[in-house]
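What follows is a set of notes on a single structure, which appears directly below.
Hydrogens, waters and symmetry mates play no part in the numbers below; they use all other heavy atoms, side chains included. Quick caveat: nothing in here was measured; it's all calculated off a predicted structure.
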Amino acid sequence: MASMDTDEQSVVLSSNVTSGLSLSLHPLPILNISEHLTRLKLQTKSTVPFVLGALLGTQNGREVEIVNSFELATELARNDIVDHGFLVQRRDQYKQVFPSLEFIGWYTVASTVTSRHIALHEQFTGYCSTPLLLVLQCSASSSSTTDITGQTLPFRAYEPSVEIRERRTRSVFIEVPFRVETGEAERIAVDWTARGGGGSTSLESHLHTQQAAVKMLHERILVLVQYVANAIAGQVPKDHTILRSLSALIASLPASESNSFREEFNTEYEDVKLTAFLSVLTKSTNTLNNLVDKHLIMNGGMRDERPLITGPRRRVGRPGGMPGDWSAHA
């Protein structure tokens, strides 16, 4: 089933109805949901695949924190029926590792919330009295608010409620504002992920920073060169203030084509290449040393496993020694 589309009657109450829930969203479930959606897009070749998962967190009264999440499975050929056996198994596994986290809701991907979400939502009431719904609106436009604490993200959180209209009750959702909350460990993890994981070193990070700075400088120089070329060609009006500033900037630059500059540049270049070569050589030597150590340990173990020769053994005497010089050794 694709993502759940709009329904005739909205199941979300108007913005005039507010929720008193204080909701905090951590970065880990945001990354998990985004990765879940991207992976299913590649696997199913669909632009909006059906995404379903559970939310884990803590709740203290009306204060709720969404800390983690995991994917959920559905019955075969039935995307509208949750595989409860899989849900309970994964929940108990997470409970063993994170005893403080409880099941507090579920997530999906859709442009709007419809009655189909109500049907899915009722299947989670057995695990939580009021499960929350977190929706990733991948096709929705970005929020117009300038609050960067959370509402600029394409996520919407909903709390279940009951609406009484014309003496009839129906299940509805109330949108809950949320804020993104991060701890120190989460900031480090997010920064580590943004830098490409554990494969990068401090030197590589420094070189990436220098590369970005040089690229930006090159782009700005191209803008200035293009302006001067257009001004000479008469395509743009000449601004003498800008031209004087450019002339002063060029005059302040040191001459870079002198012999002393070229000699110093070549020296530094050779030093950098030599340092890189020594680093590779040291790493190769360390790898070879580890290989030799493993080889010695393996051969030593093989010698220890050789069977010992037991029984009496004759000691060969020296020439002229006493005849019959025997000794028994165990």
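When side chains are defined from C-beta on, Thr58 does not count as touching Val64, because their heavy atoms never get closer than 4.5 Å. Ile104 is listed as a side-chain neighbour of Ile66, based on a closest heavy-atom distance under 4.5 Å. Between Gln137 and Ser111 there is no side-chain heavy-atom pair separated by less than 4.5 Å. For the pair Tyr127/His84, a side-chain contact is recorded, criterion being any heavy-atom separation below 4.5 Å from C-beta on. You'll find the side chain of Phe98 reaches within 4.5 Å of the side chain of Asn68, heavy atoms only. Taking the side chain as every heavy atom from C-beta outward, Thr74 and Phe86 never approach each other to under 4.5 Å. At least one side-chain heavy atom of Arg179 sits less than 4.5 Å from a side-chain heavy atom of Ser22. Proximity of Tyr227 to Val236: side-chain heavy atoms (C-beta onward) are separated by under 4.5 Å at one or more points.
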>> Please determine whether side-chain hydrogen bond (donor to acceptor under 3.5 Å, both in side chains) holds for the pair Asp92 and Gln96, giving the CA-CA distance in whole Å, both sets of side-chain angles, and the decisive distance to 0.1 Å.
In response: CA-CA 6 Å; Asp92 294 342; Gln96 295 177 2; over 6 Å; no
> Do His121 and Tyr158 pass the side-chain hydrogen bond (donor to acceptor under 3.5 Å, both in side chains) test, and can you show the C-alpha distance, the side-chain angles, and the key distance before you say yes or no?
Replying inline: CA-CA 11 Å; His121 189 82; Tyr158 299 95; over 6 Å; no
> Could you walk me through whether His26 and Glu65 pass the side-chain hydrogen bond (donor to acceptor under 3.5 Å, both in side chains) check?
Replying inline: CA-CA 8 Å; His26 286 252; Glu65 287 190 20; 3.0 Å; yes
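Here the straight-line distance linking atom CG of Asp83 with atom CG of Leu72 works out to 9.0 Å at 0.5 Å rounding. Atom OG1 in Thr182 sits 10.0 Å away from atom CD1 in Ile30 (nearest 0.5 Å). Taken from CD in Glu35 to CD in Glu71, the straight-line distance is 6.5 Å, to the nearest 0.5 Å. Taking CG of Leu25 as the start and CG of Leu134 as the end, the distance is 6.0 Å to the nearest 0.5 Å. Atom-to-atom distance recorded for Leu291:CG and Leu296:CG is 9.5 Å, nearest 0.5 angstrom. To the nearest 0.5 angstrom, Glu268 atom CD is 11.0 Å from Glu270 atom CD.
Ring pair His36/Tyr107 is perpendicular by interplanar angle, where above 60° counts as perpendicular and below 30° as parallel. Relative orientation of the Tyr269 and Phe265 rings is parallel, given thresholds of 30° and 60° on the angle between their planes.
The number of heavy atoms from other shown groups lying within 6.0 Å of NZ (Lys95) is above 12. No more than 12 heavy-atom neighbours from other residues, nucleotides or ligands sit within 6.0 angstrom of CZ on Arg168. Around CD of Gln211, the count of heavy atoms belonging to other residues, nucleotides or ligands within 6.0 Å does not exceed 12.
Aromatic ring centres of Tyr94 and Phe70: separated by under 6.0 Å.
Across all their heavy atoms, Ser69 and Pro29 have their closest contact at OG-CA, 3.8 Å.
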